[in-house]
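The structure under discussion appears below in the form of structure tokens.
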Amino acid sequence: MTDTTQPIPQDDNQIITERRAKLAQLRESGVAFPNDFERRDYAARIHAAHGEKTKEDLEAAPVEVQFAGRMMLKRVMGKASFATLQDMGGRLQIYVANDITGEATHEAFKHWDLGDFIGATGVLFKTKTGELSVRATSVRLLSKSLRPLPEKFHGLSDQEQKYRQRYLDLITNEDARRVFATRSKIVQTIRNFMTGHDFLEVETPMMHPIPGGAAAKPFTTHHNALDMELFLRIAPELYLKRLVVGGFEKVFEINRNFRNEGLSTRHNPEFTMMEFYEAYRDYRYLMDFTETLLRETARAATGSEQVNYNGQIIDLGQPFDRLTIVDAVRKYHPEFSVEQLNDRAWLAAWFKANKAKFRESDGLGGLQLTFFEETTETLLIQPTFIIDYPAEVSPLARRSDSQPDITERFELFITGRELANGFSELNDPEDQAERFMEQVRNKEAGDEEAMHYDADYIRALEYGLPPTGGCGIGIDRLVMLLTDSQSIRDVILFPQMRPE
RNA sequence: GGGUCGGUAGCUCAGCCGGUAGAGCAGCGGACUUUUAAUCCGUUUGUCGCGGGUUCGACCCCCGCCCGACCCA
């Protein structure tokens with residue numbers, strides 16, 4: 001654990017010691033960390049605006065730039081030097097020479113280190129090999145770097161260090177920068193899509209007196225003034241539906257959920273979901289809407305509706321498959337018959353024979369779902385909606401009118417992973433109250449993930465919830481898909497880690 | 001929780017059958033006015049993840065632990 005009352009222990013090696021001495025000299029000779037440099041130009045814009053110009057163009061019409069960045073490469077050749085500076089959008093080379101800046105400035109520059117922030121003013125030119133560069137008339141050290149950067153060519157490769165010290169990963173690894181830039185683009189696209197469809201973006205509580213909206217173990221915390229236990233939210237669902245009761249007929253929220261579970265390449269204890277609710281819509285409409293949303297997001301983020309994931313092409317352009325649980329099993333495992341899959345005793349025997357975990361108390365629907373998860377889920381590589389989930393595992397979803405044991409619910413699977421979950425919302429307050437009661441019975445029987453009875457939510461439903469459809473989309477998993485990332489840690493800037 | 005692999009200089013890595021730790025980059029000094037991971041010459045740097053054990057002697061073999069990656073439950 002980090003002890004914030006103690007200074008960071010000095011782990012100086014020779015390089016750091018030398019850099020500290022350089023910093024001490026800077027302090028003696030003036031302001032060591034000046035903040036009066038005016039950055040006027042960016043690497044990416046400079047390249048875009050002037051990259052195509054010839055040597056002669058740049059000589060005929062000189063372009064002066066004022067640019068700053070972190071020094072990533074340095075090549076000193078006696079009376080002249082080149083350095084590569086990196087800013088938020090790219091890199092730009094500067095040329096520093098005795099006969100332009102004067103010998104004193106160049107001599108000082110030679111002692112600046114990789115990692116230092118440098119501000120440069122000068123005129124653009126092309127080198128012999130045609131690289132756009134800045135012939136610096138002045139260079140300033142803006143911020144001293146005391147610690148050496150990872151090796152300039154290989155960068156940072158240690159996975160653990162990439163996650164623990166993400167800033168180093170971002171400095172040295174363009175792929176890492178690309179992933180998080182794409183993540184931002186994805187979220188922005190979704191937000192625009194939703195507001196473009198007249199949804200209202202809202203923020204609901206992160207701290208819940210009663211955890212609800214999903215089957216998961218919550219984190220607990222304590223409010224001192226109220227002296228009460230609070231739970232970090234596992235889902236915003238029940239609050240968003242209260243808003244639909246309140247008349248916000250189209251709402252969405254993009255925010256964090258917290259679940260007290262283990263860590264894996266697919267699970268981080270805090271993760272981002274987009275949930276949305278629309279009145280007068282059912283789950284079939286939601287599937288169409290979700291398909292369109294994902295298609296447009298893929299196109300905006302990657303430029304294509306066909307995305308490469310782990311060597312496979314995932315086609316988001318084709319209509320997504322829609323299968324019931326039994327149909328999906330049958331499609332990928334024709335060796336199981338409909339009769340077997342509808343035989344509770346046969347399923348239970350199969351689990352025992354295959355040493356698979358299942359809940360003895362589950363009915364046929366629950367066992368079918370477990371069987372699907374065991375045998376078929378990971379085979380759903382191309383986008384597939386699984387529909388008609390059993391009511392016993394869907395306590396917030398509306399029952400099918402023709403088959404009360406199943407609900408109007410779907411989950412979307414891509415690359416074998418659950419990406420979205422949606423349903424026609426249960427708006428019958430008396431049915432909802434009974435379902436909560438059953439959850440409470442399950443909890444008392446030892447199911448830690450079972451839901452609580454939320455009396456205020458029932459009260460809200462009793463005022464009347466219009467027929468409504470709602471859906472949640474896992475943003476982290478979507479970013480994984482669209483950036484070809486194999487671990488959720490690669491798409492979360494600061495993933496949860498054990499303490500060092 | 002189980003299995004596999006990994007942790008050696010600031011970084012990337014090598015280190016044979018057990019004989020007292022190396023390279024490249026970075027750093028420092030020198031040469032070099034269009035370099036491109038600049039080049040050339042010289043040179044500094046280690047809790048070999050941690051703790052035990054075996055041994056005359058352990059980075060190396062054995063046991064335990066910590067951290068991570070991947071796979072499985």
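A note on names: the letters A, B, ... follow the listed sequences, proteins ahead of strands, and every chain is numbered from 1.
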Less than 6.0 Å separating the ring centroids of A:F336 and A:W346?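 A:F336 vs A:W346: aromatic centres under 6.0 Å.
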May I ask you to check whether A:F258 and A:F271 place their ring centres under 6.0 Å from each other? no
Between [N] ([atom2]) and [X] ([atom1]): distance, integer Å:
| X | N | atom1 | atom2 | result |
| --- | --- | --- | --- | --- |
| A:Y167 | B:C11 | OH | P | 12 Å |
| A:E160 | B:C11 | CD | C1' | 15 Å |
| A:R147 | B:G27 | CZ | P | 17 Å |
| A:D158 | B:C11 | CG | P | 9 Å |
| A:E373 | B:A73 | CD | C1' | 15 Å |
| A:I171 | B:A26 | CD1 | P | 17 Å |
| A:R20 | B:G10 | CZ | C1' | 13 Å |
| A:Q161 | B:G10 | CD | P | 11 Å |

Residue matched to [N] through Watson-Crick or wobble contacts both under 3.5 angstrom:
| N | result |
| --- | --- |
| B:G27 | B:U43 |
| B:A37 | none |
| B:G6 | B:C67 |

[M] and [N], which share atom name [atom1], separated by this distance in whole Å:
| N | M | atom1 | answer |
| --- | --- | --- | --- |
| B:C59 | B:C16 | P | 12 Å |
| B:C50 | B:C11 | C1' | 23 Å |
| B:C65 | B:G57 | P | 26 Å |
| B:C48 | B:U43 | C1' | 23 Å |
| B:U54 | B:G64 | C1' | 15 Å |
| B:U12 | B:G6 | C1' | 15 Å |
| B:C70 | B:C28 | C1' | 41 Å |
| B:C60 | B:G22 | C1' | 15 Å |

Given that A:R266 and A:P148 both sit by RNA chain B, which one's nearest nucleotide is further toward the 5' end?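 Mapping each residue to its closest nucleotide by heavy atoms, the 5'-most match is A:P148.
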Does A:W112 or A:D490 map to a spot on RNA chain B nearer the 5' end, using the closest nucleotide for each? A:W112
Check ion pair [X]-[Y] (N to O, under 4.0 angstrom):
| X | Y | value |
| --- | --- | --- |
| A:E107 | A:K110 | yes |
| A:D476 | A:R489 | no |
| A:K126 | A:D57 | no |
| A:R40 | A:E38 | yes |

Using side chain to side chain contact (heavy atoms under 4.5 Å, CB included), reason through A:E18 and A:D113 one step at a time and then give a plain yes or no. CA-CA 10 Å; A:E18 275 161 4; A:D113 294 298; over 6 Å; no
Sugar-phosphate means primed atoms, P, OP1 and OP2; the rest is base. With that split, encode nucleotides 29-39 of chain B 5' to 3' as B, S or - using protein heavy atoms under 4.0 Å. S--BBBBBBB-
cation_pi(A:R166, A:F494) dist<6.0 Å, angle<=45: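 No, A:R166 and A:F494 do not form such a contact.
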Once ring pair (Phe, Tyr, Trp, His ring centres under 6.0 Å) is applied, what residue pairs with a partner in residues 29-84 of chain A remain, sequence neighbours excluded? A:F82-A:Y95
Within the structure, does a side-chain N or O atom of [X] lie under 4.0 Å from either OP1 or OP2 of [N]?
| X | N | value |
| --- | --- | --- |
| A:R498 | B:A69 | no |
| A:S157 | B:C13 | yes |
| A:R164 | B:C67 | no |

Which part of the nucleic acid, if any, lies within reach of A:T265 when heavy atoms closer than 4.0 Å are counted: base, sugar-phosphate only, or nothing?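 Result for A:T265 = sugar-phosphate.
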